[in-house]
2 protein chains.
Amino acid sequence: MSLVQLEYFVAIAEEGNIGRAAKRLHVSQPPLSRQLKSLEEELGTTLFARTTRGVELLPHGKQFLHHARRILAQVEEAKHSLGQPSDTDREAQ
Amino acid sequence: MSLVQLEYFVAIAEEGNIGRAAKRLHVSQPPLSRQLKSLEEELGTTLFARTTRGVELLPHGKQFLHHARRILAQVEEAKHSLGQPSDTDREAQ
DNA sequence: TCAAATTACGGTCGACGTAAGGATC
DNA sequence: GATCCTTACGTCGACCGTAATTTGA
């Protein structure tokens with residue numbers, strides 16, 4: 001599992017559509033599809049049901065979404081906890 | 001930042017020595033040294049003081065260690081939460 | 001000189017993007 | 001046929017391990 005996979009997963013969950021998630025993340029669709037598949041295989045379960053409109057969270061997916069969001073939020077917190085300037089602050093110098 | 005970097009960082013912090021951490025992680029020393037440097041650069045701060053005996057946590061390092069451990073623990077929790085359905089996934093259907 | 005970290009370097013594995021291939025409506 | 005997701009395939013960057021270098025007691 002990687003943080004990128006979690007970011008991809010959350011984006012897909014929020015967009016309900018891999019194509020839109022890809023656009024939002026500024027990558028093409030295949031990487032998202034592949035990373036999602038890889039994540040599902042590692043977890044040993046299916047997170048989304050694939051539909052013709054896009055994808056839809058399954059119960060395991062909903063559950064995992066909470067974890068993923070919490071982890072990513074704490075990563076952000078960890079980054080900024082060192083009292084170091086944010087990206088925008090650093091640019092402003 | 002990657003989860004691997006966090007794992008390496010925690011191991012180095014606990015061993016106080018990159019060589020021992022490498023042995024524990026079953027990798028060679030250079031990857032740990034490189035990933036640590038990369039992490040420090042991304043965070044914009046130094047996490048360890050390098051000594052001839054090994055390395056020693058600096059204040060920023062101690063602070064970051066808490067975050068890293070919490071993140072890694074939650075990753076484990078996320079992985080295992082799907083195997084044994086917990087009560088946290090009881091929400092609006 | 002010893003022990004530890006770091007840097008150099010070559011090779012391998014992984015991830016991306018374009019393109020092609022299903023599947024469902 | 002249109003719109004998704006997925007698989008194929010070639011390329012490029014990232015990471016590893018061995019080896020060489022640096023640094024400090």
Side-chain angles (χ1 to χ4, degrees), chain A residues 1-62 64-65 68 71-72 75 78-79 87, chain B residues 1-62 64-65 68 71-72 75 79:
Chain A
M1 189 187 307
S2 74
L3 293 176
V4 169
Q5 283 177 326
L6 297 185
E7 288 163 9
Y8 284 7
F9 166 72
V10 170
I12 294 171
E14 290 177 354
E15 296 292 339
N17 180 297
I18 294 184
R20 278 198 300 272
K23 201 167 281 186
R24 169 174 143 190
L25 294 168
H26 302 104
V27 295
S28 58
Q29 298 85 342
L32 270 71
S33 179
R34 287 185 299 240
Q35 293 288 356
L36 173 59
K37 183 184 175 187
S38 167
L39 179 62
E40 288 177 326
E41 284 174 352
E42 178 177 356
L43 295 175
T45 190
T46 307
L47 299 172
F48 289 101
R50 275 69 168 176
T51 73
T52 48
R53 288 288 189 82
V55 296
E56 193 168 351
L57 276 174
L58 294 173
H60 272 171
K62 288 183 183 177
F64 192 71
L65 181 58
I71 292 166
L72 293 176
V75 167
K79 282 184 188 172
D87 294 298
Chain B
M1 188 187 307
S2 73
L3 293 176
V4 169
Q5 284 177 325
L6 298 184
E7 288 163 9
Y8 284 7
F9 166 72
V10 171
I12 294 171
E14 289 176 355
E15 297 293 339
N17 178 298
I18 293 183
R20 279 198 299 273
K23 202 167 281 186
R24 169 173 144 189
L25 294 169
H26 303 102
V27 295
S28 57
Q29 298 85 342
L32 269 71
S33 179
R34 287 185 298 240
Q35 293 289 355
L36 174 59
K37 183 184 176 188
S38 166
L39 178 62
E40 289 177 326
E41 285 174 350
E42 178 178 354
L43 295 175
T45 190
T46 307
L47 300 171
F48 291 100
R50 274 70 168 174
T51 73
T52 49
R53 290 289 190 80
V55 296
E56 193 169 350
L57 276 175
L58 294 174
H60 273 170
K62 290 182 182 176
F64 191 71
L65 180 57
I71 291 167
L72 294 175
V75 167
K79 282 184 190 173

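All chains are named by letter (A, B, ...) in the order of the sequence lines, taking the proteins before the strands, and each is independently numbered beginning at 1.
Going from atom CD of A:Gln5 over to atom P of C:dG14 covers 13 Å, rounded to whole Å. Put simply, CD on A:Glu15 is 12 Å from P on D:dC4, counting in whole angstrom units. Note: CG (A:Leu39) to P (C:dG14) measures 17 Å, nearest angstrom. To the nearest angstrom, C1' of D:dC4 lies 11 Å from CZ of A:Arg20. Between the P atom of D:dG17 and the CD atom of B:Gln29 lies a distance of 10 Å, rounded to the nearest Å. Taking atom CD on A:Glu56 and atom C1' on C:dT24, their separation rounds to 15 Å, with Å as the unit.
Nearest nucleotide to the B:Ser33 side chain, out of C:dT6, D:dC5, D:dA8: C:dT6. Here the side chain of A:Asn17 is nearest to one of D:dC4, C:dT6, C:dT7, namely D:dC4. Closest to the side chain of B:Gln35, from the set D:dA8, D:dC15, C:dT7, is D:dC15. The side chain of A:Tyr8 has C:dC16 as its nearest neighbour among D:dT7, C:dC16, D:dC16. Relative to the side chain of A:Val55, the nucleotides D:dG17, C:dG17, D:dC5 differ in distance, and D:dC5 lies closest.
At D:dT7, one or more side-chain N or O atoms of A:Lys37 fall inside 4.0 Å of OP1 or OP2 (strictly under the cut-off).
For CZ of B:Arg24, the number of neighbouring non-hydrogen atoms (other residues, nucleotides, ligands) closer than 6.0 Å is greater than 12. The local environment of CD in B:Glu56 is sparse, with at most 12 non-hydrogen atoms from other residues, nucleotides or ligands closer than 6.0 Å.
The residues B:Arg50 and B:Glu40 are annotated as salt-bridged, a charged nitrogen and a carboxylate oxygen being separated by less than 4.0 angstrom.
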